[in-house]
J.: 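Dropping the structure in here first, questions after.
Numbered from 1 within each chain, the chains take letters A, B, ... in sequence-line order. The analysis underlying the following values was restricted to heavy atoms, covering all of them including side chains, and did not include hydrogens, waters or symmetry mates.
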2 protein chains.
Amino acid sequence: MKIDKKDIQRAEIFKVLSDPNRLQMIRILYQAHRELTCGEVGEKLDLSKSTVSYHFKKLRKVGLTNTRKEAQIKYLSLNMDTFEKYLPGFLAVL
Amino acid sequence: MKIDKKDIQRAEIFKVLSDPNRLQMIRILYQAHRELTCGEVGEKLDLSKSTVSYHFKKLRKVGLTNTRKEAQIKYLSLNMDTFEKYLPGFLAVL
DNA sequence: ATTATAGTTCGATAGTTATCGAACTAAGAA
DNA sequence: TTCTTAGTTCGATAACTATCGAACTATAAT
């Protein structure tokens with residue numbers, strides 16, 4: 001049996017979720033009930049800003065987050081559609 | 001903020017799910033509606049038996065599967081409790 | 001006792017990941 | 001123009017991953 005293309009995409013999402021820091025970022029965004037800047041999230045996690053940027057890029061790349069840029073500030077939020085499609089019910093138990 | 005212990009466990013599960021072959025194994029087990037042997041699953045995936053054994057060990061280790069051994073044959077099945085706890089609704093959209 | 005079947009473990013390898021600080025870019029403030 | 005703020009990109013590094021074949025263990029069959 002050949003590997004399903006859909007499974008590759010799914011696996012990509014799981015790979016992004018397979019890091020404790022990224023999971024925490026997601027929880028922070030989920031509980032904030034508003035957009036947050038990279039800096040705000042990074043501050044809470046005790047990671048260098050380059051590392052935070054690295055993680056945010058990964059989240060963005062698989063469509064788990066949305067980005068809105070205003071001047072030099074970047075606002076992050078969860079992309080609910082992706083969670084609903086691939087992981088319905090997940091955020092509720094996070 | 002320190003990393004949550006629960007997130008580490010969660011991340012472990014996602015790491016195991018972040019491989020297309022393992023996702024396919026899960027789907028095969030889910031759709032079979034019965035226990036399957038390592039050989040049966042391995043056959044469908046065109047992987048060496050050592051590789052299949054490696055993957056099954058990982059699935060077992062994080063509690064995603066159950067194992068029942070009868071003579072030299074090992075029967076695999078999904079551990080629904082784990083899916084329900086960490087990924088409710090996931091199997092339904094798989 | 002030999003052979004066959006089902007699965008595990010080992011060693012090697014090639015590829016990927018998370019992390020940091022340093023250097024960079026972009027935009028606004030003084 | 002110079003300075004500050006927010007974030008990105010670039011090495012470098014240490015750790016981990018998936019894969020295979022070969023050698024192994026355990027059980028059953030001849």
J.: Of A/Val52 and A/Glu12, whose closest DNA chain C nucleotide lies nearer the 5' terminus?
T.: A/Glu12
J.: Check the surroundings of atom CG in B/Asp46: do more than 12 heavy atoms from other residues, nucleotides or ligands lie under 6.0 Å from it?
T.: no
J.: Mind calculating the distance between CG (A/Leu45) and C1' (C/dC20) to the nearest angstrom?
T.: 16 Å
J.: Roughly how many Å is it from NZ in B/Lys61 to P in C/dT9, rounded to a whole number?
T.: 11 Å
J.: Just N and O in the side chain of A/His55: are any of them under 4.0 Å from OP1 or OP2 of C/dT19?
T.: yes
J.: Once the angle between the rings of B/Phe90 and A/Phe14 is folded into 0 to 90°, is it parallel (under 30°), tilted (30 to 60°) or perpendicular (over 60°)?
T.: perpendicular
J.: Please enumerate all residues that pass side-chain contact (heavy atoms from CB on, under 4.5 Å) together with B/Arg60, with sequence neighbours excluded.
T.: B/Thr65, B/Thr67
J.: Nearest whole angstrom, please: distance from the C1' of D/dG7 to the CZ of A/Arg60.
T.: 15 Å
J.: Determine, step by step, whether B/Leu23 and B/Leu17 satisfy the side chain to side chain contact (heavy atoms under 4.5 Å, CB included) criterion, reporting the C-alpha distance in whole Å, the side-chain angles of both residues, the deciding distance to 0.1 Å, and the verdict.
T.: CA-CA 6 Å; B/Leu23 281 177; B/Leu17 292 170; 4.1 Å; yes
J.: Report yes if a side-chain nitrogen or oxygen of A/Lys15 is closer than 4.0 Å to either non-bridging phosphate oxygen (OP1 or OP2) of C/dT16; otherwise report no.
T.: no
J.: B/Leu23 CG to D/dA18 P: how many Å, rounded?
T.: 12 Å
J.: Would you mind building the protein contact string for nucleotides 21-28 of chain D? One character per nucleotide, 5' to 3', B for base within reach (heavy atoms under 4.0 Å), S for sugar-phosphate only, - for untouched.
T.: BB----BS
J.: Expressed as a whole number of angstroms, how long is the span from B/Gln24:CD to D/dA18:P?
T.: 15 Å
J.: Measure from the side chain of B/Lys74, starting at C-beta and using heavy atoms only, and say which of C/dG7, C/dT17, C/dT19 lies closest.
T.: C/dG7
J.: So does A/Glu40 have more than 12 non-hydrogen atoms from other groups sitting under 6.0 Å from CD?
T.: yes
J.: Let me know the distance between CG of B/Asn21 and P of D/dA18, rounded to the nearest Å.
T.: 10 Å
J.: Quick one: label B/Phe56 by what it contacts on the DNA or RNA (base, sugar-phosphate, nothing), any heavy atom closer than 4.0 Å.
T.: nothing
J.: Among the nucleotides C/dG7, D/dG7, C/dT17, which one has an atom lying closest to any side-chain atom of A/Tyr54?
T.: C/dT17
J.: Show me the pairs that pass side-chain hydrogen bond (donor to acceptor under 3.5 Å, both in side chains) and involve residues 10-25 of chain A, at least two apart or across chains.
T.: A/Arg22-A/His55
J.: Take the protein atom CD1 of B/Ile73 and the nucleotide atom P of C/dT8, then report the distance between them rounded to whole Å.
T.: 13 Å
J.: Tell me yes or no: between the side chains of B/Ser48 and B/Thr51, is some donor less than 3.5 Å from an acceptor?
T.: yes
J.: Rounded to whole angstroms, how far apart are CD1 on A/Ile8 and C1' on D/dA18?
T.: 14 Å
J.: What's the closest nucleotide to the A/Arg22 side chain, out of D/dA18, D/dT9, C/dA18?
T.: C/dA18
